[in-house]
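Only one structure is covered here, and it is reproduced in the block below.
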Amino acid sequence: MMIHELNSLLEPYRLTCDEKQLEQFNTYFQLLIEWNQKINLTAITEPKEVLVKHFFDSLTPAFYHELSDQTLIDIGAGAGFPSIPLKICFPELKITLLDSLNKRITFLKHVIEVLGLQNINCIHGRAEELAKNDKYREAFDIAISRAVARLNILSELSLPFVKLGGYMIALKGSNTYEEVDEAKKAIQIMGAKLTKEHHLLLPENFGERKIIIIKKTKETPKKYPRKPGIPSRKPII
């Protein structure tokens with residue numbers, strides 16, 4: 001993998017990786033391809049596509065939102081996007097990865113160990129249940145997710161984790177106008193407001209992206225999120 005190309009993609013956005021970080025990305029790619037033969041992690045395996053559609057794409061929130069030593073939870077972490085690339089580039093972030101499939105958690109723990117990442121932990125569970133735990137409820141500066149659910153569902157799953165004044169960041173494809181409109185009620189009920197929608201063209205003509213930033217302004221009512229499965233089956237509209 002021509003991992004050094006990552007810096008040329010990031011430079012227009014005033015973000016670069018040092019040699020150690022680039023090597024971590026390279027190792028991450030190798031682990032992703034190796035484990036993908038055993039468990040279904042991603043349909044994207046061609047090196048250039050992984051570089052742009054996974055690594056670069058995962059870093060796009062940093063173009064629009066300052067990242068430092070915040071606490072961050074990745075809802076539906078999957079194969080580690082966007083949180084592992086963000087952790088590599090911003091090692092001071094304190095990250096929790098949440099996923100409902102134990103096989104993916106096993107993979108993520110292996111990646112964290114091999115890459116030598118610190119202040120990052122994995123939880124096997126569902127957002128609807130974990131958000132009821134006082135340890136995690138309204139405990140994070142940022143809740144982030146990528147390709148998890150429609151925005152109204154995602155708001156109910158994510159915003160209960162966000163502290164007052166914190167942010168939910170959703171990485172989306174380009175066709176989200178209808179999603180944003182239908183999510184307005186859910187965002188309001190969860191105690192938040194839409195603050196920014198950023199549009200971005202991926203390099204190499206790999207498509208459009210939208211980064212949606214939502215700010216938590218009030219406490220989320222205790223009854224949310226509802227029981228597992230209900231936000232998806234009966235979304236707030």
Side-chain angles (χ1 to χ4, degrees), residues 6-7 9-28 54-99 105 108-123 125 127 130-131 133-146 148 154-155 157-171 190-196 198 200 211-220:
L6 183 60
N7 270 344
L9 301 178
L10 293 173
E11 279 169 1
Y13 302 94
R14 299 180 181 179
L15 181 63
T16 56
C17 300
D18 61 26
E19 285 299 321
K20 178 184 176 182
Q21 291 166 326
L22 291 174
E23 187 55 42
Q24 286 175 316
F25 273 114
N26 194 50
T27 301
Y28 186 19
H54 281 332
F55 294 169
F56 177 88
D57 187 36
S58 292
L59 296 172
T60 55
F63 305 163
Y64 309 107
H65 192 85
E66 184 178 348
L67 298 175
S68 55
D69 61 348
Q70 300 109 312
T71 53
L72 179 151
I73 184 167
D74 186 345
I75 309 294
F81 306 115
S83 52
I84 297 289
L86 287 171
K87 180 64 178 176
I88 291 172
C89 278
F90 300 91
E92 63 273 24
L93 283 170
K94 301 173 184 70
I95 293 180
T96 297
L97 301 112
L98 173 63
D99 199 89
I105 291 295
L108 293 170
K109 286 180 176 178
H110 182 69
V111 170
I112 289 166
E113 182 181 358
V114 172
L115 298 187
L117 302 177
Q118 304 294 319
N119 290 319
I120 179 168
N121 67 299
C122 303
I123 299 175
L130 196 71
N133 186 323
D134 289 343
K135 181 180 177 181
Y136 300 102
R137 188 173 184 87
E138 298 190 326
F140 295 90
D141 297 307
I142 299 169
I144 201 164
S145 60
R146 177 177 178 258
V148 172
L154 192 60
S155 297
L157 298 178
S158 300
L159 284 165
F161 289 100
V162 181
K163 63 177 65 171
L164 288 179
Y167 294 87
M168 168 185 158
I169 301 177
L171 282 69
M190 297 304 135
K193 62 179 181 180
L194 179 68
T195 57
K196 291 284 185 180
H198 299 282
L200 178 79
I211 295 93
I212 299 170
I213 301 177
I214 296 167
K215 185 172 184 178
K216 184 78 167 279
T217 57
K218 296 185 293 185
E219 287 187 7
T220 300

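Every heavy atom of this structure was used, including side-chain atoms; hydrogens, water molecules and symmetry mates were not. Predicted model only: the values in this text are computed from it and were never measured.
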Minimum heavy-atom distance [X]-[Y], with the two atoms named:
{"X": "S158", "Y": "I75", "answer": "OG-CG1, 3.6 Å"}
{"X": "V114", "Y": "T27", "answer": "CG1-CG2, 3.8 Å"}
{"X": "P82", "Y": "S58", "answer": "CA-OG, 3.3 Å"}
{"X": "K87", "Y": "L117", "answer": "CG-CD1, 4.0 Å"}
{"X": "L157", "Y": "A127", "answer": "O-CB, 3.8 Å"}
{"X": "S155", "Y": "I214", "answer": "OG-CD1, 4.4 Å"}

Within the distance-only criterion (no hydrogens, no angle test), does the side chain of [X] pair as donor or acceptor with the backbone N or O of [Y] below 3.5 angstrom?
{"X": "N7", "Y": "C17", "value": "yes"}
{"X": "E113", "Y": "H110", "value": "no"}
{"X": "R137", "Y": "F161", "value": "no"}

Nearest 0.5 Å, please: how far is [atom2] in [Y] from [atom1] in [X]?
{"X": "L97", "Y": "I123", "atom1": "CG", "atom2": "CD1", "result": "9.0 Å"}
{"X": "I84", "Y": "Q24", "atom1": "CD1", "atom2": "CD", "result": "10.0 Å"}
{"X": "L67", "Y": "E92", "atom1": "CG", "atom2": "CD", "result": "8.0 Å"}
{"X": "F90", "Y": "E66", "atom1": "CZ", "atom2": "CD", "result": "9.5 Å"}
{"X": "T16", "Y": "L9", "atom1": "OG1", "atom2": "CG", "result": "12.5 Å"}
{"X": "L6", "Y": "L22", "atom1": "CG", "atom2": "CG", "result": "6.5 Å"}

(request) Side-chain contact test, heavy atoms from C-beta onward, threshold under 4.5 Å: evaluate it for L59 versus L86 and give yes or no. (result)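 Contact flag for L59/L86 side chains = yes.
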(request) Evaluate the side-chain proximity of I142 to H65: yes if any heavy-atom separation is below 4.5 Å, no if none is. (result)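 Yes, their side chains come closer than 4.5 Å.
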Contacts of [X] that satisfy side chain to side chain donor-acceptor pair (under 3.5 Å) - sequence neighbours left out:
{"X": "D57", "answer": "R146, R209"}
{"X": "E19", "answer": "H4"}
{"X": "Q70", "answer": "S68"}
{"X": "K216", "answer": "E138, T220"}

(message) For the NZ atom on K163, are there more than 12 heavy atoms of other groups (residues, nucleotides or ligands in this structure) within a distance under 6.0 Å?
(response)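 Count over threshold, so yes.
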(message) Would you say NZ of K94 has more than 12 non-hydrogen atoms from neighbouring residues, nucleotides or ligands within 6.0 angstrom?
(response)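 Count over threshold, so yes.
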(request) Sequence neighbours left out, what passes side-chain contact (heavy atoms from CB on, under 4.5 Å) with Y64? Give chain and number order. (result)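 So Y64 forms a side-chain contact (heavy atoms from CB on, under 4.5 Å) with H198, L200, I211, I213.
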(request) Write out all pairs satisfying side chain to side chain donor-acceptor pair (under 3.5 Å) with one or both partners inside residues 71-86, taking only residues at least two apart or from two chains. (result)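 Pairs touching residues 71-86 that pass the test: T71-D141, D74-S83.
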(message) Applying the side chain to side chain contact (heavy atoms under 4.5 Å, CB included) criterion to M168, which one of L154, I144, L194 satisfies it?
(response)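 Looking at L154, I144, L194, the match for M168 under the side chain to side chain contact (heavy atoms under 4.5 Å, CB included) is L154.
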(request) Could you label the plane-to-plane angle of the F55 and F81 rings as parallel, tilted or perpendicular, counting under 30° as parallel and over 60° as perpendicular? (result)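 Judged by the thresholds at 30° and 60°, the geometry between F55 and F81 is tilted.
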(message) Ring centres under 6.0 Å, that's the criterion: do F25 and F56 meet it?
(response)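 No - the distance between ring centres of F25 and F56 does not fall below the 6.0 Å cut-off.
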